[in-house]
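Taking it in order: structure first as structure tokens, then the write-up.
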Amino acid sequence: MHDFDLFVIGGGSGGVRCARMAASHGARVGIAEERHWGGTCVNVGCVPKKLMVQAAEYGAWAQDAAGFGWCGLEGTHDWNALITAKNKEIERLNGIYVKLLQGSGVKLFEARATFIDPHTLQVGDRALSADRIVIATGGAPIWPTIPGTELGIVSDNAFFLPSLPRRVVLVGGGYIAVEFAGIFRGLGAEVDLLYRQKLPLRGFDEAMREALAEALTAQGVRLHPSVLLDRLEDIGGVRRLHLSDGRQFDAETVFFALGRDPNTAGLGLDKAAVAVAPNGAVIVDAAHATSQPHIFAIGDVSNKLNLTPVAIAEGHALADRLFAPAHPRDWSFSPVPTAVFSVPPLATCGLTEAQAALRGPADIYEVRFTPMRHIMSGRCRKTFMKLIVDQASQRVVGAHMLGDDAAEMMQAIGVAMTAGATKQDFDRTIGIHPTGAEEWVTLRTRTRTVGVQAAA
Ligand SMILES: Cc1cc2nc3c(=O)[nH]c(=O)nc-3n(C[C@H](O)[C@H](O)[C@H](O)COP(=O)(O)OP(=O)(O)OC[C@H]3O[C@@H](n4cnc5c(N)ncnc54)[C@H](O)[C@@H]3O)c2cc1C
């Protein structure tokens with residue numbers, strides 16, 4: 001008899017849901033968290049990031065209000081007040097996570113857990129055994145291997161800076177880099193965004209990437225594509241970043257947003273004979289089992305779709321499969337709607353145009369317009385929407401949007417696409433007027449067809 005039926009390593013999005021659901025199905029469950037309950041999303045990810053994006057938006061809104069007759073709304077921003085309010089909200093959420101776990105009968109350990117053998121974990125100063133073990137240790141920011149790297153910061157630090165830097169150099173072209181560019185710029189900092197590719201957001205629809213680059217420029221973010229880092233140094237308190245082509249950038253803060261690696265270092269996976277990929281990701285099958293059938297991995301540590309709702313769904317589904325197999329909850333992992341909280345936000349669901357073209361003929365419907373709000377505000381902020389329709393089945397296989405409320409709209413588009421909606425379903429849906437969203441159901445004229453060669 002082991003100490004627990006299930007032990008979860010990591011109290012983040014995936015681990016907490018898995019532990020709670022397993023306990024609610026009657027299992028004896030323990031969970032260890034070494035840093036902060038709620039994990040990355042609640043403490044140094046989605047939640048504080050979104051609060052800071054919202055903080056940054058108010059500045060622009062105050063300026064825009066003049067176009068609607070409001071006078072004198074523009075003021076100054078108090079960074080300390082924002083960080084204090086944000087920290088208070090995060091503390092509240094931490095407490096909710098602990099209550100939820102305790103309320104469902106999970107035993108909590110505020111300690112690091114590492115493997116001693118395939119069924120035994122060192123949890124703080126105790127050895128605990130479990131019939132089944134779930135690895136839900138998430139990921140960690142990647143630091144560049146250049147001289148002076150320690151003079152920079154990563155996203156974990158960015159939420160706790162003592163003051164708003166006047167000038168920030170952001171290195172990276174992924175969603176975290178783009179989002180923080182919007183945050184710092186919106187709060188009044190000068191921002192240089194440096195990335196290796198020609199455009200930010202590799203893997204996203206090409207036209208959306210181009211539109212995002214234009215939007216960042218319109219916001220005042222200076223873009224520097226195709227860079228390679230050389231070294232970072234401190235020049236009397238100023239950070240100087242040298243590129244391999246000799247260019248240099250001075251800033252108060254150099255922020256590396258170069259992606260995240262699965263968090264498996266020092267976990268003792270070798271002692272449990274759990275196989276990992278070269279980047280440290282735990283290798284799992286479709287049922288999230290590792291090379292040890294009683295050890296599972298969920299969320300970012302398995303490095304598939306690194307998103308909070310995916311980690312939660314994986315944790316929930318795993319707990320159901322293990323302890324309530326008669327009533328498993330099922331999720332669709334394709335397509336997965338997702339958003340980048342840039343300025344304005346970019347949201348997407350399904351295939352990019354290039355991916356669709358590889359599969360066969362697809363019709364592209366596009367619309368670009370200035371939203372009603374910005375005709376009045378005078379702000380240069382366009383909306384760009386794109387629908388990709390598989391010609392043979394008429395199913396909508398891709399939806400992409402850059403513009404106000406994109407994330408809010410894409411959730412509903414995701415439902416339609418998961419249900420297999422066709423272009424005709426979109427066409428016969430009555431719009432809500434006057435909204436930007438009604439454009440999704442009034443896209444009558446095909447912009448072009450792609451993928452004809454793929455079918456030949
Ligand atoms: C800046 C940023 C913004 C993001 N924004 C979004 C967003 O807008 N939307 C979205 O869907 N996703 C977003 N993400 C991604 C999201 O946060 C992750 O996909 C999600 O948190 C993954 O959940 P997880 O359970 O796999 O891991 P985590 O939430 O990272 O949890 C892992 C936990 O395990 C703990 N741990 C690690 N090792 C041990 C150990 N040995 N013993 C005990 N505890 C351990 C860690 O302390 C951590 O709390 C963002 C991430 C970042 C960094």
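Start at 1 with the first residue, then count along the sequence. For ligands, and for the atoms within them, numbers begin at 1 and follow the listed sequence. Here the structure is a predicted model, which means the values were calculated and not measured.
- Both tests pass for Arg368 against the ring of Phe384: distance under 6.0 Å to the centre and angle within 45° of the axis.
- Distances below 4.0 Å separate heavy atoms of Asn306 from the following atoms of ligand 1: 15 (C), 19 (O).
- For Lys386 and Glu353, the salt-bridge test passes: some basic side-chain N is under 4.0 Å from an acidic carboxylate O.
- Counting the atoms of ligand 1 from 1 in the order shown, those under 4.0 Å from a heavy atom of Leu267 are 41 (N).
- Ala111 counts as a contact of ligand 1, since one of its heavy atoms falls under 4.0 Å from the ligand.
- Protein heavy atom closest to atom 28 (P) of ligand 1, with residue, atom name and distance, is Thr40 OG1, 3.5 Å.
- Salt-bridge formation is detected for the pair Arg240/Asp250: a Lys NZ or Arg NE/NH1/NH2 atom is positioned less than 4.0 Å from an Asp or Glu carboxylate oxygen.
- A donor atom on one side chain and an acceptor atom on the other are not found under 3.5 Å apart for Arg329 and His316.
- Looking at Val310 against ligand 1, nothing comes within 4.0 Å, counting heavy atoms.
- Given atom 2 (C) of ligand 1, the protein heavy atom at minimum distance is Gly45 CA, 3.5 Å.
- Under 4.0 angstrom from ligand 1, the non-hydrogen atoms of Leu307 come from both its backbone and its side chain.
- Scanning the protein for heavy atoms near atom 31 (O) of ligand 1, the closest one is Gly12 CA, 3.3 Å.
- For atom 51 (C) of ligand 1, the nearest non-hydrogen atom of the protein is Tyr175 OH, 3.4 Å.
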Quiz item: Does the side chain to side chain donor-acceptor pair (under 3.5 Å) test come out yes or no for Glu150 and Trp143, once each step is laid out?
Solution: CA-CA 8 Å; Glu150 69 287 349; Trp143 290 83; over 6 Å; no

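- Atoms of ligand 1 lying under 4.0 Å from any heavy atom of His36, numbered from 1 in the order shown and given with element: 49 (O).
- Within the structure, the closest approach of Lys50 to ligand 1 does not fall below 4.0 Å when heavy atoms are considered.
- Of all heavy-atom pairs spanning Ala356 and Ile388, the tightest one is CB-CG2, 3.6 Å.
- Here the straight-line distance linking atom NE2 of His119 with atom CG of Leu128 works out to 14.5 Å at 0.5 Å rounding.
- For atom 34 (O) of ligand 1, the closest non-hydrogen atom on the protein side is Gly10 CA, 3.2 Å.
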What donor-acceptor contacts under 3.5 angstrom involve side-chain atoms of residues 44-53, with partners at least two apart or in another chain?
unit_1 : atom_1 : unit_2 : atom_2 : d
Lys49  : NZ     : Glu179 : OE1    : 2.7
Lys49  : NZ     : Glu179 : OE2    : 3.1

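- Within the cation-pi definition used here (under 6.0 Å to the ring centroid, within 45° of the axis), Arg132 qualifies as a partner of Phe323.
- Nearest heavy-atom pair across Val8 and Gly15 is CG1-CA, 3.6 Å.
- Heavy atoms of Phe341 come nearer than 4.0 angstrom to ligand 1 in at least one pair.
- Residue contact check for ligand 1: Asn43 places no non-hydrogen atom closer than 4.0 Å to it.
- Note on Arg381 versus Asp404: salt bridge recorded, some NZ/NE/NH1/NH2 to OD/OE distance being below 4.0 Å.
- Residues Phe255 and Ala158 share a closest heavy-atom pair of CE1-CB, 3.4 Å.
- Closest heavy-atom approach to atom 47 (O) of ligand 1 within the set Glu33, Glu34, Glu179: this belongs to Glu33.
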Under 3.5 Å, sequence neighbours excluded: what are the donor-acceptor pairs made by side chains of residues 269-285?
unit_1 : atom_1 : unit_2 : atom_2 : d
Asn279 : OD1    : Ala281 : N      : 3.0
Asp285 : OD1    : Ala287 : N      : 2.8
Asp285 : OD1    : His288 : N      : 3.1
Asp285 : OD1    : Ala289 : N      : 2.9

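- Among all protein heavy atoms, the one lying closest to atom 25 (O) of ligand 1 is Gly14 N, 2.8 Å.
- Between Phe7 and Phe109, the ring planes are tilted. Angles from 30° to 60° get that label.
- Every atom of ligand 1 with a heavy atom of Ala32 under 4.0 Å away is listed here by number and element: 43 (C), 44 (N).
- Atom numbering of ligand 1 starts at 1 in the shown order; those under 4.0 Å from a heavy atom of Arg260 are 53 (C).
- When the options Ser13, Cys41, Gly11 are ranked by their closest heavy atom to atom 17 (O) of ligand 1, first place goes to Cys41.
- Within the set Met52, Glu110, Arg35, Lys49, the minimum heavy-atom distance to atom 8 (O) of ligand 1 is found for Lys49.
- Counting protein heavy atoms only, atom 27 (O) of ligand 1 is closest to Gly138 CA, 3.2 Å.
- Contact annotation for Ile9 and ligand 1: only side-chain heavy atoms (C-beta onward) come within less than 4.0 Å of the ligand.
- Nearest residue to atom 26 (O) of ligand 1 from Val42, Val8, Thr114, Asp300 is Asp300 (criterion: closest heavy atom).
- The protein heavy-atom contact nearest to atom 6 (C) of ligand 1 is Cys46 SG, 3.3 Å.
- Less than 6.0 angstrom separates the ring centroid of Phe180 from the ring centroid of Phe159.
- Against a heavy-atom cut-off of under 4.0 Å, Thr137 is close to the following atoms of ligand 1: 32 (C), 34 (O), 37 (C), 38 (N), 39 (C).
- Note: no N/O pair closer than 3.5 Å links Phe180 and ligand 1 by distance alone.
- Considering backbone and side-chain atoms alike, Gly299 places every N or O at 3.5 Å or more from each N or O of ligand 1.
- Listed by number with element, the atoms of ligand 1 under 4.0 angstrom from any heavy atom of Pro309 are 11 (O).
- Under a cut-off of 6.0 angstrom, the local environment of CD in Glu408 is sparse, with at most 12 non-hydrogen atoms contributed by other residues, nucleotides or ligands.
- Counting atoms of ligand 1 from 1 in the listed order, those under 4.0 Å from a heavy atom of Ala136 are 32 (C), 33 (C), 34 (O).
- Ion pairing of Asp3 with Arg28 is absent here, as no side-chain N (NZ or NE/NH1/NH2) approaches a carboxylate O to less than 4.0 Å.
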